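Working notes, structure below.
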Amino acid sequence: MKRPITAALAVIGYVIMIVPIIFVVATAFTAGSTLRFPPEGISLRWFDEALGYEPFIEAAISSLGLAVLATALALLVGVPVTLAIHRGKLPGKGLVEGLFLSPLIVPELVVGLALYQQLMIGMDLDNFSTLLVGHTALMLPYAVRVTGASLALADPALEEAARGLGASPLRAFFTVTLPVLRPGIFSAGLLSMVTSVNNVPLSLLLQGRDFRTLPVTMLDYVQQSYDPMVAAASTLILAATVVIAVIAERTVGFAKIFGGINQ
Amino acid sequence: MTAAAELIGVTQRFGSFTAVDEIDLAVPSGKLTTLLGPSGCGKTTTLRMIAGYSAPTSGTIRIAGIDSTRTPPEKRNLGMVFQSYALFPHMTVADNVGYGLKLRKVPSAERRLRVMETLELVGLAHLADRKPKKLSGGQQQRVALARAIAIRPKLLLLDEPLSNLDARLRVQMRAELRRIQAETKLTVILVTHDQDEALEMSDAMVIMNEGRIVQQGSPQQVFPRPADRFVAEFLGYENFLTAADGTPLTIRPEHLHIVEKGHGLDATVVDVAFRGVDLLVSLDVVDPSGATVRLLADVRSGATLTPGSGVTVIAPDDHLVSLPR
């Protein structure tokens, strides 16, 4: 009796996720000049327009820069924390892990507002630095979870073996532990970057005249004009995301990445 | 004979649990010593303390005469083979084996030579450039062994090295390990829960139970004379009976004889299991103290044995072992 319900839910889930994407992608290839479904004819003209529209390109570069920096920071903080949680003799491991995963639960608008109030108003920080702090916090759960998943899979005896063969703890870390974790860290980085680039709530709250991310710029654009260029830009982002997801799946595997979250 | 490693009053507690309880042990140099016992008996904990992966709660560990109780593992120069092999997955077989030599700053030409020499010893020279993942379980095991031997360790420590191999390979590897031990003349400590493995491979065996050493000696000394009921059961003595004076006795199933009538113990056949080359007969036997006990006899033939029939069981004196009360 359970199966048909599960199957129906799965189908509904896929429909809810995929149908909007189909609409956007189809609209992007339209030859017409309004954001309308079904598309009128097929052309690549709106892709051309999107790639030539300077605010989009500028925002894309900003977004990427922010994503790369936030990801690097999140990994620099997250990887040592993961090691401490999994291998160290840390009191209150669960609490520490919970703390680092909490950005997944706290509504981003709340985080955004808090950062706005405390950092931008309170400490007079600029948009970019505040956004960097916000995005880094948002990426931490990925850094901790994904590296944690690959660390949990790694044999703890590896480090002991290295020690036994004459390696100091530091040497063992750099020659054995870190290389073994590399695929996990790589996927954590990819996932963080995707999350950062796609983020709207934080970026919206903390935007400024001189620093604006791609999703926010697209949102602004849609409010003023109603042409399919935005659909084309979305399709390009989608394509890039799919490529990155495939790379992450190939290197570590989603079952391992997300299996951890359900524990 | 000098001791390659010596444990004096070594205890290891984890919280309120005592894993190893004040053991004294001298590991003879150039021999293969096994630590044998059921899981949880403290054998692996003992090995890990010798290797330096956990410090004893109290007691002293000497390696080659030097107090090494608090020496970190990287300063002990011991070779350890882990149950999981723990091969570095991102390195080739040759780099795994050469890892310890690189840390010892052995120049690369000499390193390559010694790596190949060691791989030759375990029969894997042709796989030097493979990654460990591409090897079978038995081959991975040999790489782990080569990696441990390559550093010319003071002791070679093997933690259940054969338990992840299938039955046939395990038996082959026993002989292989003996050969390598003989060729290298290394002092080996092998941890196992498999009594056949220990009997076949050991120069000296140390049987542990509940954190203590219950018996030690050569297999030839230990096997025919188990010190107590625990060792007897562990070594496959399945029959326990009591002498007329109340002394507990034990005898192996293959040493009991069944005759139709004769001078021995009265018995009734309970069950006969055909096992190909032999028969395993369960019997209710009236032992010398007058009690009825269930015994197992392993006999070659017994066409006339049927459940319910009365027979006589003979337990030859030279195979009966008395145990402490």
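Convention: sequence-line order gives letters A, B, ...; per-chain numbering from 1. Please read these numbers as outputs of a predicted model, since none were measured by experiment.
For the pair B/R114 and B/E117, the salt-bridge criterion is not met [side-chain N within less than 4.0 Å of a carboxylate O]. Salt bridge status for B/K131 with B/D95: absent, with no side-chain N to carboxylate O gap under 4.0 Å.
If you measure heavy-atom distances from B/L78 to chain A, the contacts under 4.5 Å come from the backbone alone. Residue A/A154 does not touch chain B at all, counting heavy-atom pairs closer than 4.5 Å. Of the atoms belonging to B/L87, it is backbone heavy atoms, and not side-chain ones, that fall under 4.5 Å from chain A.
Cation-pi geometry between B/R147 and B/F88 is satisfied (NZ or CZ under 6.0 Å from the ring centre, within 45° of the ring normal).
In terms of modelled atom types and a separation under 3.5 Å, the side chain of B/D203 and the main chain of B/L32 share a donor-acceptor contact. Between the side chain of A/S168 and the backbone N or O of A/R171 there is at least one donor-acceptor pair closer than 3.5 Å.
Among B/R48, B/K102, B/E74, the residue making the largest number of heavy-atom pairs under 4.5 Å with chain A is B/E74. Residue with the most contacts toward chain B among A/A167, A/P179, A/P156: A/A167 (heavy-atom pairs, distance under 4.5 Å). Each of B/R76, B/M80, B/K75, B/R104 has some count of heavy-atom pairs under 4.5 Å with chain A, and the biggest count is that of B/R104.
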